[in-house]
Amino acid sequence: MAKKIKILVVVLAALLLTGVLGVWYLTSTIDQAQLTHLIGSNVKQATGRELKISGPVRLTIFPSVGLIAEDISLSNAAWAKDPYFVKAKKLDVNIHLLPLFSQRIEISRIELNGVDIFLQSNDQRDANWILAAPLAQGVPSQSVQASKQRSDSNTFVAIQDFSVKNARITYRDGAAAPRIYQIQDLSLQESGAYTALKLDAQQDKVRFGVRGKITAIRKILDDWNQTPLKIGADLNIDINGKSIALKGDVLKKVDTLPSFDVNLSSKSFDLAPLLGGTAVAASGGKIPSKPHIKAPSPYFFSPEELPFDLLPVANGVINLSVAELNLPDSAPFKNLSAQIEFKDDRINLRKVNFQFGSGSAQAEGHIQGYQEKNPEIVAKGQANGYSLEQVLLDDAGSAQVKGGETQVAFDLRGTGRSLHQIMGSVTGKAQISIGQASIPTNYVNEGGDFLISLFDAVNPMRKKSNKTVLDCALAYLPVTNGLVSIKDTIGIETNRLDITLSGNINLKTESINLNIYPREKSGLTSGLDLANLVKLQGTIQNPELGINKAGVVNSAVAIGLGILTGGVSIVAENARSMSTKSYPCKTALHSWSEIYSQPK
């Protein structure tokens, strides 16, 4: 018996040695140039791009099929300016051997190191990451469909582990400056029914990290649009040390849009890094020697199209809960909660509530038809109980404005694909009330031409003081198709003047026609100062001060009458002014519930 076992062991050892020698012989006799050509031709057929391997290529067959290649590059789209789409210093791939006999490709590991990825889109909205060989080569649509049918019956490819280290992504869009993203580590590791995800990345000074798990990518690829699929996610997203948790499910039925139910929650999150990165992107090719300068717009509200095409056509709900949301140059939002509902090409914003300073705010709204020519935007809400001192902070987090208890309400809707179009069509009403405040002159000077001109018009004495003392300000702004009609519905009271405004602002043309009527609180004058009888005209972008002709005529009549009566009429006017004190803020005020009532 022992002799038979010994013979069996010897035979097995001989077979193993023969196999090892065979594998060694096979791998040692493979021509590298032929192997490189074979790999390149398959990639060309699949993607329409040229794969170039400049470094050595090594192949192993047992116990798994392995490929190690160095200095790899994949060519870019024909219209792109960068010559390469992807470059990598090293690629290491391992494929399980036994599943190959069942016509299945199961990749146990893909590792990439030293990767450069060049992403680019152009004005025609072409994207170089769309790898569609039949389309790229001009194959008719029937051939594309036939190719799809063949690919559906092809061998399934499954990937267990995928990792990228030391990668750089350069994104260019049109003529904007490029954005560069550094990926220190990205890994996807399959573990049972889930895939563990890890990402460490950086863009400028923004550090970005993800940890957590999702339903196994193998299952997602296998079942997507083949059978009803439920994808679970439990992720923690970190941006500059502030984290937000994402938990939820995505449901995908055959030939239908995915639906989702996702919860986002955080104890403290900082929005500033994300706001700094909203202008995604890049120059449509090599960095130009001269910076791209846009032609100056005559409009204050930009005529450039908003990125509605980035909004998804989807069905689902996102529930948001953030204990503290930090904003740049402002007090944080506290206890923020909201529900964002996606339904085809409509996004509803519901149940928005947060605390702001010592006050609170509620809002709702929707964007509808953003795949169409004229999307509709609706915004309603109100905020009260806070002050300008609490929310208007400088870079050091200090308040320059003192006081200024504020209340705001609005109910507005407009249509268009740019901010200029939306404002030019806006209809609804808004009201803002500001209580007693001290506003530094230098703070007003930083507010832009429109704010400076408005303050100069209503308070010509502002330049002689380092601050404006405001008793109150109230603006009720009814607007129809972009035309704001003002008839004593803007009132301002300072420590020396009562001021009312009448006229209109055309948001479609952005023209201003506002007559300003200041009145000294004391009621004692030696005749009216014609320099104060001004109007605000021009455009929002380029406001100008003009003469209030109606006010000048009335004042001239009063002064002329005063001369004829030896000053008796001026004394009488002063007496009448003192006995009929004006209240511009109270006169302009409308019922808050008329503008916005919180839904029950």
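Glu594 places none of its side-chain heavy atoms less than 4.5 Å from the side chain of Gln431.
Not counting sequence neighbours, Asp344 has no partner by the salt bridge (Lys or Arg N to Asp or Glu O under 4.0 Å) test. Considering only residues two or more places apart in sequence or on other chains, Lys219 meets the salt bridge (Lys or Arg N to Asp or Glu O under 4.0 Å) condition with Asp223.
A distance of 10.0 Å separates CG of Leu264 from OG of Ser321, quoted to the nearest 0.5 Å. Distance check, rounded to the nearest 0.5 Å: CZ of Arg109 to CD of Gln160 gives 11.0 Å.
Side-chain contact annotation: Asn128 with Gln120, donor-acceptor N/O pair under 3.5 Å absent.
Distance alone, capped at 3.5 Å, places no donor-acceptor pair between the Asp411 side chain and the Lys380 backbone.
The pair Asp200-Arg211 meets the salt-bridge criterion, since a charged nitrogen lies less than 4.0 angstrom from a carboxylate oxygen. In this structure, Lys343 does not pair ionically with Glu341, as no charged nitrogen and carboxylate oxygen lie closer than 4.0 Å.
Listed by first and then second residue, the ring-ring contact (aromatic ring centres under 6.0 Å, His included) pairs that reach into residues 402-428 are Tyr299-His420, sequence neighbours excluded.
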- Message: Run Lys165 and Glu111 through side-chain contact (heavy atoms from CB on, under 4.5 Å) and show every step you take.
- Response: CA-CA 8 Å; Lys165 295 184 182 296; Glu111 292 182 0; over 6 Å; no
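In this structure, Phe356 and Phe333 have perpendicular ring planes: the angle between them is above 60°, well past the 30° mark.
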